[in-house]
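Below: the structure, in structure tokens.
Atom set for the values below is all heavy atoms of this structure, side chains included, hydrogens, waters and symmetry mates excluded. All of these numbers come straight from a predicted model, not from anything done at the bench.
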Amino acid sequence: MANIKDLKVNQPQNRLRGSLPKVGIRPIIDGRRRGVRESLEEQTMNMAKAAAKLITENLRHPNGMPVECVIADTCIGGVAEAAMAAEKFAREGVGVSLSVTPCWCYGSETMDMDPFTPKAIWGFNGTERPGAVYLAAALAAHNQKGLPAFGIYGRDVKDAKDTEIPEDVKEKILKFVKAGLAVATMRGKSYLSMGSVAMGIAGSIVNPDFFEKYLGMRNEYVDMSEFIRRIDEGIYDKEEFERALRWVKENCKEGPDNNEPHLQQSRAQKDKNWEFVVKMAMIGRDLMIGNPKLAEMGFGEEALGHNAIAAGFQGQRQWTDHFPNGDFMEAILCSSFDWNGIREPFIVATENDSLNGVAMLFGHLLTGTAQVFADVRTYWSPEAVKRVTGKAPTGLAENGFIHLINSGAAALDGTGEQTIDGKPAMKPFWEITPEEAGKCLDATSWRPANVGYFRGGGFSSDFLSKGGMPITMSRINIVAGLGPVLQIAEGYTVDLPADVHDILDKRTDPTWPTTWFAPRLTGKGPFKDVYSVMANWGANHGAFSYGHIGSELITLASMLRIPVCMHNVPEEKIFRPSAWSAFGTADLEGADYRACANFGPLYGKK
């Protein structure tokens with residue numbers, strides 16, 4: 001059993017350089033004085049306050065800190081007050097802009113003109129004043145000027161004195177703000193490549209144009225030899241290392257060694273490997289975010305880190321042919337807990353697959369939860385399962401399923417040992433209890449690495465995800481002449497009978513974590529059957545996040561101008577900027593491609 005008596009839930013903190021983005025609320029008003037504006041001041045400002053209350057009560061940053069809203073000092077009736085609001089927002093660090101109004105106002109005179117800030121307008125659906133008319137006029141101005149904005153308009157007419165935000169409006173505001181904060185949070189942060197290209201995997205050919213033009217991020221690079229330098233020269237916190245090693249010995253149980261006896265490493269070598277991989281995890285973290293302890297030790301430059309919101313580790317083959325692999329480092333960093341307690345998970349991509357790392361980053365920013373990196377390994381048809389095991393799959397698995405498995409960055413949260421309403425789940429770290437973290441650790445064994453793959457040894461996590469979790473698998477791919485595209489597949493983890501699982505699992509590498517995934521089928525296109533999902537997946541890797549968050553990913557992708565090439569999200573849940581409808585309404589997928597191509601990457605130049 002895991003020792004959780006000293007496992008604390010850490011207080012939320014911003015571990016990256018730069019302040020957290022805030023949400024700017026812009027109350028827009030009819031500027032005509034002598035009674036018109038005066039009659040609307042209270043209602044308009046109350047809309048802004050209600051929106052701010054909704055946001056602050058329902059959203060947190062992925063690091064657990066509260067989301068702050070900044071309301072313009074006055075209602076905005078013209079360009080002068082718009083400029084005053086813009087100045088305040090710049091001073092306060094606003095990264096997302098929501099305009100609200102119950103009335104007619106002057107569209108282009110009051111609009112937010114910042115080209116990089118995600119924008120939405122909530123026009124009150126009431127008959128006393130034409131808030132919907134302003135909404136339409138302002139959106140037309142945004143579209144004409146090439147500044148896409150989201151339109152929010154309640155389905156039902158409300159009375160002017162009604163201060164309750166309708167449920168459909170709440171849903172759109174929160175979806176917009178979550179995605180907008182993700183955009184703003186990425187801006188100016190780094191993706192850190194620890195190593196270079198792994199085994200010719202295209203995603204590890206890190207594309208700086210993509211990161212800079214679409215995400216507003218920078219790329220940082222360190223050679224894997226930096227790990228050896230820091231280990232050899234003692235550039236890590238020695239006290240933390242001793243504490244971490246004790247914790248690992250108590251909580252990370254070593255599983256059976258599946259290597260042939262003559263290939264198995266000695267007990268002494270395995271013990272040295274444990275010390276090595278714990279140091280790797282500490283150093284990988286320090287490379288990402290820095291560590292003030294290093295400055296106290298005289299290593300001021302190393303103490304700063306690379307301000308990396310995400311990273312990847314090459315590993316194979318140059319590293320793993322000689323040194324212990326990076327599986328422990330990747331898995332424990334990506335999890336929501338370690339020897340320092342329960343804390344925000346890191347985003348670290350196996351094999352430096354930066355494009356899968358970005359999918360992990362998107363999922364984390366939208367949900368606050370840990371992410372699971374996996375090979376999209378095998379499609380198992382019902383017929384194949386029955387042929388191999390003698391049993392046909394049933395329940396969620398009846399149409400077949402996909403085997404998700406990878407030796408590296410599968411967060412231990414993926415075991416499904418956390419619960420929501422008594423059901424398996426993956427939760428934001430601030431909701432995870434020490435008991436749940438302990439169950440995740442108990443459900444995981446650390447198997448001596450397969451030396452056929454990893455000649456230098458190491459340890460790979462081994463667990464089986466509990467069935468019944470709603471998950472969303474996603475992936476970014478880059479296509480020459482087209483640019484980045486996003487793939488999304490919502491579905492569920494599934495339970496298989498123990499004997500069926502054992503037979504199927506042992507046909508691949510049983511020392512790695514397994515998730516059996518059944519995508520939700522629609523009967524058409526790539527989701528007509530499970531085979532088609534596998535056949536249309538654009539790469540060998542995918543990342544999954546807890547929950548059905550496909551619609552939120554679509555909203556985020558539209559802000560960044562990344563088209564979505566494959567998804568199974570119901571049409572009524574899709575929320576994109578209003579300009580997208582000008583590119584076609586019968587074929588939403590095609591319209592998305594045309595709109596993204598027309599406006600170009602958020603930080604690029606047409």
Side-chain angles (χ1 to χ4, degrees), residues 19-29 44-45 47-56 58-59 61 67-102 105-124 131 134-153 165 169-170 172-188 216 365 552 555-556 558-561 575-579 599 602-603:
S19 58
L20 295 171
K22 299 175 184 177
V23 181
I25 313 290
R26 308 173 73 250
I28 313 297
I29 200 167
T44 305
M45 190 56 77
M47 279 185 70
K49 292 176 181 177
K53 184 173 185 288
L54 171 72
I55 293 164
T56 55
N58 287 276
L59 297 182
H61 292 283
V67 172
E68 295 183 55
C69 291
V70 177
I71 300 176
D73 291 333
T74 69
C75 290
I76 301 169
V79 68
E81 288 162 321
M84 291 163 58
E87 181 183 22
K88 180 179 183 180
F89 287 4
R91 188 172 63 247
E92 292 282 348
V94 164
V96 183
S97 171
L98 174 64
S99 299
V100 302
T101 186
C105 319
Y106 305 150
S108 64
E109 296 181 19
T110 58
M111 63 188 283
D112 183 342
M113 295 286 288
D114 187 303
F116 302 134
T117 303
K119 289 170 275 293
I121 304 169
W122 169 27
F124 183 75
Y134 170 77
L135 173 63
L139 290 174
H142 276 279
N143 297 345
Q144 188 169 323
K145 293 177 181 294
L147 299 170
F150 290 77
I152 300 173
Y153 181 56
I165 302 176
V169 172
K170 287 181 181 178
K172 288 183 175 178
I173 288 176
L174 294 176
K175 186 177 292 185
F176 162 75
V177 171
K178 271 201 277 191
L181 286 172
V183 170
T185 300
M186 287 186 286
R187 189 182 305 136
L365 292 176
E552 295 170 11
T555 297
L556 172 57
S558 70
M559 292 177 177
L560 301 169
R561 323 285 163 70
F575 188 39
R576 290 177 169 128
S578 70
F599 292 112
L602 180 58
Y603 305 101

(message) If you compare all heavy atoms of P115 against all heavy atoms of L602, which two are closest, and at what distance to 0.1 Å?
(response) O-CD1, 3.8 Å
(message) Is the shortest side-chain heavy-atom distance between L98 and I173 below 4.5 Å?
(response) yes
(request) Kindly compute the distance separating NZ (K178) from CZ (F176), expressed to the nearest 0.5 Å. (result) 13.5 Å
(message) Is the distance from the ring center of F150 to that of F575 below 6.0 Å?
(response) yes
(message) Tell me whether the count of non-hydrogen atoms from other residues, nucleotides or ligands lying under 6.0 Å of NZ in K88 goes above 12.
(response) yes
(message) side chain to side chain contact (heavy atoms under 4.5 Å, CB included), that's the test. Do I29 and T101 meet it? Break it down for me.
(response) CA-CA 6 Å; I29 200 167; T101 186; 5.9 Å; no
(message) Under a 3.5 Å distance rule, please check whether H142 uses its side chain to pair with a backbone N or O of A149 as donor and acceptor.
(response) no
(request) Grab the two heavy atoms, one from I121 and one from L135, that are nearest each other, plus how far apart they are. (result) O-CD1, 3.4 Å
(message) Let me confirm one number: the CZ-CE distance from F599 to M559, rounded to the nearest 0.5 Å.
(response) 14.0 Å
(message) As an exercise, state the distance from CG of D112 to CG of L147, rounded to the nearest 0.5 Å.
(response) 8.5 Å
(request) Find the distance between CD (E552) and NZ (K175) and round it off to the nearest 0.5 Å. (result) 6.5 Å
(message) If you compare all heavy atoms of M45 against all heavy atoms of D73, which two are closest, and at what distance to 0.1 Å?
(response) CE-O, 4.3 Å
(request) Quick one: pull up OG in S19 and CD in E68 and give me the separation to the nearest 0.5 Å. (result) 9.5 Å
(request) Kindly give the heavy-atom pair with the smallest separation between M111 and A141, and that separation in Å. (result) SD-CB, 3.9 Å
(request) Heavy atoms only: give me the nearest L181-P21 pair and the separation to one decimal. (result) CD2-O, 3.7 Å
(message) In the structure I gave you, are the side-chain heavy atoms of P27 and K49 within less than 4.5 Å of one another anywhere?
(response) no
(request) Any chance you could measure M47, atom CE, to I28, atom CD1, to the nearest 0.5 Å? (result) 10.5 Å
(request) Without swapping roles, check the side chain of K119 against the backbone of T117 for a donor-acceptor pair under 3.5 Å. (result) yes
(request) Give a yes or no on this: more than 12 heavy atoms of other residues, nucleotides or ligands lie within 6.0 Å of atom CD of E92. (result) yes
(message) Measuring only between side-chain heavy atoms, which start at C-beta, is L556 closer than 4.5 Å to V183?
(response) yes
(request) Determine whether K172 and Y153 make a side-chain contact, defined as any pair of heavy atoms from C-beta on separated by less than 4.5 Å. (result) no
(request) For the pair K145 and S108, evaluate side chain to side chain contact (heavy atoms under 4.5 Å, CB included) and give the outcome as yes or no after the intermediate values. (result) CA-CA 9 Å; K145 293 177 181 294; S108 64; 4.1 Å; yes
(request) Could you give me the CA-CA distance, side-chain angles and deciding distance for Y134 and T110, then say whether side chain to side chain contact (heavy atoms under 4.5 Å, CB included) is met? (result) CA-CA 10 Å; Y134 170 77; T110 58; 2.9 Å; yes
(request) Check for a donor-acceptor pair, side chain of E81 on one end and backbone N or O of G77 on the other, with a separation under 3.5 Å. (result) yes
(message) Run the side chain to side chain contact (heavy atoms under 4.5 Å, CB included) test on L174 and L54 for me, step by step, so that the C-alpha distance in whole Å, both residues' side-chain angles and the decisive distance to 0.1 Å come before the verdict.
(response) CA-CA 8 Å; L174 294 176; L54 171 72; 4.0 Å; yes
(request) Using a 4.5 Å cut-off on heavy atoms from C-beta on, say whether the side chain of I165 contacts that of W122. (result) yes
(request) Using a 4.5 Å cut-off on heavy atoms from C-beta on, say whether the side chain of V23 contacts that of V94. (result) no
(message) Please find the pair of heavy atoms, one from S578 and one from N143, that lie closest to each other, and give the distance.
(response) OG-ND2, 3.5 Å
(message) Under a plain distance cut-off of 3.5 Å, with no hydrogens placed, do R26 and S99 share a side-chain donor-acceptor pair?
(response) yes
